[in-house]
Structure formats: structure tokens, C-alpha cells
Amino acid sequence: MPSLEEELFPSTPGKFKIDRGHTMNRQFNRCFASTSTMFLWALFLIALTASYLSFQSFVDSGSRYFTASWGGIQWEKQIRSSAQIHRSKGMSVLVTGAAGFVGSHVSLALKKRGDGVVGIDNFNSYYDPSLKKARKSLLNSRGIFIVEGDINDARLLAKLFDIVAFTHVMHLAAQAGVRYAMENPHSYVHSNIGGLVTLLEACKTANPQPAVVWASSSSVYGLNEKVPFSESDRTDQPASLYAATKKAGEEITHTYNHIYGLSITGLRFFTVYGPFGRPDMAYFFFTRNILQGKPITIFRGKNRVDLARDFTYIDDIVKGCVASLDTSGKSTGSGGKKRGPAPYRIFNLGNTSPVTVPTLVHILERHLKVKAKRNVVDMPGNGDVPFTHANISLAQRELGYKPTTDLETGLKKFVKWYLTYYGYNRGKAVH
Ligand SMILES: O=C(O)[C@H]1O[C@H](OP(=O)(O)OP(=O)(O)OC[C@H]2O[C@@H](n3ccc(=O)[nH]c3=O)[C@H](O)[C@@H]2O)[C@H](O)[C@@H](O)[C@H]1O
């Protein structure tokens, strides 16, 4: 039997030099017995070549069609409408990670006061994407459009800056989570370093350049023992790859500020929690386990010392983010060239009152009215740090940042949201 290739390309040079025997020759002779058959074959080959070439150029010029669902007149219209500013001296902000925890809250706050907001999010499955879709629906209902795409997609970013002259970028897309970095180290490099550079390249090239405010992390303080943590403290002893990529982000943004005149503000968030939060964080999955009657594992530090975090409520973080955007100052570059010095700032956004993990569990038990099944173990060497504590005086001075929600109040709001969102059925959360 002739191969498919032989059937379609009977005149391929070389093919017919091979003597395939009598049967083959008979078929060949039958095929080309008349001129009209040959003509039809020629037409067929021309059509095949033409469609192959046009397919190739389609693939080359539009590989995005195979990887993402963006583009088109309707799509651009939605972006323009979402970016529209509805207050005087308002801004148009590109929010990366807009379907994420902090991203969705910041987007809503900006939109509420009349700023233009366009979101971008890749809706990855690091945690339940249905929660991200729910946040997206909420944002859509307030007139915020979220582009489904990746910050590593330079063509998409260029297109967005083509459509809208964003005045600001609120960069919150990242691979979060301290302990997951041991499982999937490359996802941290991909998002927190590769994605950041791709985004900064787009920002530096944009004309006008936007001011960039982005999420660093309290984890950059790593093994620093001087408390409370101040922005001028050592940050060269990260305890996890997550922390290392955030620290790298601070250095990378510095170079873009230095070379291209991008206005940069890095925000070191301290364990942010609240409604619509991240299910990979302890307060969130402790709640789920307590309601489901499952045990929770509480890590304990050296010499049986409790671990503590400067838990910071989402609304306080949002105020810090918005104030950072408002005070960011302008980028000075254009056409990829620096025209003068631009601001480079780093702020702690914490709560300034660390609470131990066992206390966090007590508060949850009280709000949930269910007793936790505790399993206390020594802190594994998984990237955790024993405590965090923010000095926020710089943010207070420069941004007017003043957190107002303590853990007791914040967790009460979280639990209320959790029970409304997931439901509560005799100790079983419905997921
Ligand atoms: O501020 C940040 O920059 C980071 O904050 C957050 O990290 P963390 O402060 O580590 O929060 P989270 O995981 O909720 O653990 C809280 C506490 O529970 C303890 N913990 C945790 C898990 C467990 O099973 N048991 C336990 O005791 C654990 O040892 C810890 O003491 C963000 O996730 C991270 O993305 C980053 O933004």
C-alpha cells in the first residue's frame, strides 16, 4: 500500500526513483494516464501549497490565537470603556493579578472613586480558579474588564499600552506562597522575575511611561532579627525562594528606575488576610478544616516559641496601595530613554501588632463557634520565618498610611464572608 504522503505527492522527486515493483508502476500509470488528470493534480498541488503557506503566515503572525483569547474590535472596546476615567484628575490603571485577592480589592476601590481600571490575570490553578472567576464576576458587575492573559506575553502588554495610555500600573500578579516554592520553584522565577521583567519592558517602552506600584513582600526581611522591621534593615538573607524572587524584584525595579526613569514604588505586604482571600493561606484553610472537623497543623518555632505574624487586613492594604498610586510621582522617560531622575520608593505595609498563630486559631474558634483539632509540630525547614513585625512610620509619613483593623475584627469579617460564600452545613463547608 502506498503511504499517504506518496498518494498526495506522487511526483515528489526521488520517490519514484525507487523501484517499488510492478503494482506501484501500474498505479502511477493509471494516475497520469490523461492530461486532464495531470491538470487536476497540478491544481490540487497549487491549492495545497497556497493553503499551507497562508496557514504558516497565520501561525507566525498570530500565534496568540493559539495561546490566549484576546484581540478583536469588541475586546478593544471593552478595554477602552473599562479604562475610562470618571473624575477630574483621575488615573487609568492597569492592574495585574486583578482576579487575585489584593488585585480584585484594589481594582474595586479605584473604580469606586472614578478611576479607569483594566485588569489582567492568567487565572492559573495555583488555587481554586472558581474563586478567581467569582472575583472576576464581581469586578465585571462594577464595569471593570479583566483581560485573560499572562504578564509574560509581551505582545499582549504592548497591545494594551497601544489601546490605553495607562498613567499607572498596579502590579500584583505573582506566584505567591512561601512553602509552595519548594514544590514548584520555577513558577516563582517565571512569574516573579520573568513576568516582572516583561511588564517593566512594556512600561519602559510605553509613551507616556506609567508610574509603577508593585507588591514586594515582608518575606524579604528573611532571617532579620531586628524588630520591628524597617525598610533600611538587611534584606539579603531570604529564607525561601519566594522571598528571594521578591528581593530580586526590588533590585530589578531599581535598575528600570535608574536606567529608564520609571517611577517605582515597592510595597512590602505583611500577611494580608480578609474576605475573598487566598485559600492557600493558613487563616483560610484553618477555617475550612475547623468547619469540616479536620485537624489543623500549627507550626512552633525553636525552644517551643510560638510563631507570630503581623497580620494585615485587606482594607488597610488597599488604602496603602491607593495612597501609593496617588503619591507615586511621574516616570520621566519616553521612547525607552530616561529624561531625568524618577522616584524609587519602598514601604512596609503592615499592621504593627504581631499576633501568634495559636492566638489566630483561638479567634477563629470563637467566630466559628467550633473547636479546632490541633496538631502542634516543630516548624519544618520549609522557608517559614519565626515572626514578622512591621515598622510603618515611613508609610505613615509619606502615604498617610494608618491601619485601623485589628485581627479580631478582621477575622470576624472574614468568617462572615466565608460562611456566606461557601455556606455552612453542620460544620461542613460546601466547596
Ligand atoms: O507577608 C508576606 O509576605 C507573606 O505572607 C504570607 O505568608 P505567611 O506569613 O507565611 O502566611 P501563611 O502561609 O498564612 O502562614 C501564617 C502563619 O501560619 C503558620 N502556618 C502555616 C501553615 C500551617 O499549616 N501551619 C502554620 O502554623 C506559618 O508558619 C505562619 O507563621 C503569604 O502567604 C505570602 O504569599 C506572603 O505574601
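One-based numbering, in listed order, for ligands and for the atoms of each. The residues of the chain are indexed from 1 along the displayed sequence. The figures that follow rest on heavy atoms only: side chains count, while hydrogens, waters and symmetry mates do not. Note that the coordinates shown come from a computational prediction; the quantities given were computed from them, not determined experimentally.
- Interatomic distance, Arg268 CZ to Ser218 OG, rounded to the nearest 0.5 Å: 9.5 Å.
- Ligand 1 lies under 4.0 Å from heavy atoms of Ala176, Gly177, Val178, Arg179, Ser217, Ser218, Ser219, Tyr242, Phe269, Phe270, Thr271, Arg278, Met281, Ala282, Phe285, Phe286, Thr297, Ile298, Phe299, Leu307, Arg309, Val357, Asp384.
- Aromatic rings of Phe270 and Phe311 (six-membered ring for Trp) have centroids beyond the 6.0 Å cut-off, not under it.
- When side chains are defined from C-beta on, Trp75 counts as touching Phe145, because their heavy atoms get closer than 4.5 Å.
- The neighbour count for Glu225 CD, taken as heavy atoms of other residues, nucleotides or ligands under 6.0 Å away, does not exceed 12.
- The backbone N or O of Phe101 sits nowhere less than 3.5 Å from a side-chain atom of Arg278 that would complete a donor-acceptor pair.
- To the nearest 0.5 Å, atom CG of residue Leu419 and atom CZ of residue Phe414 are 9.0 Å apart.
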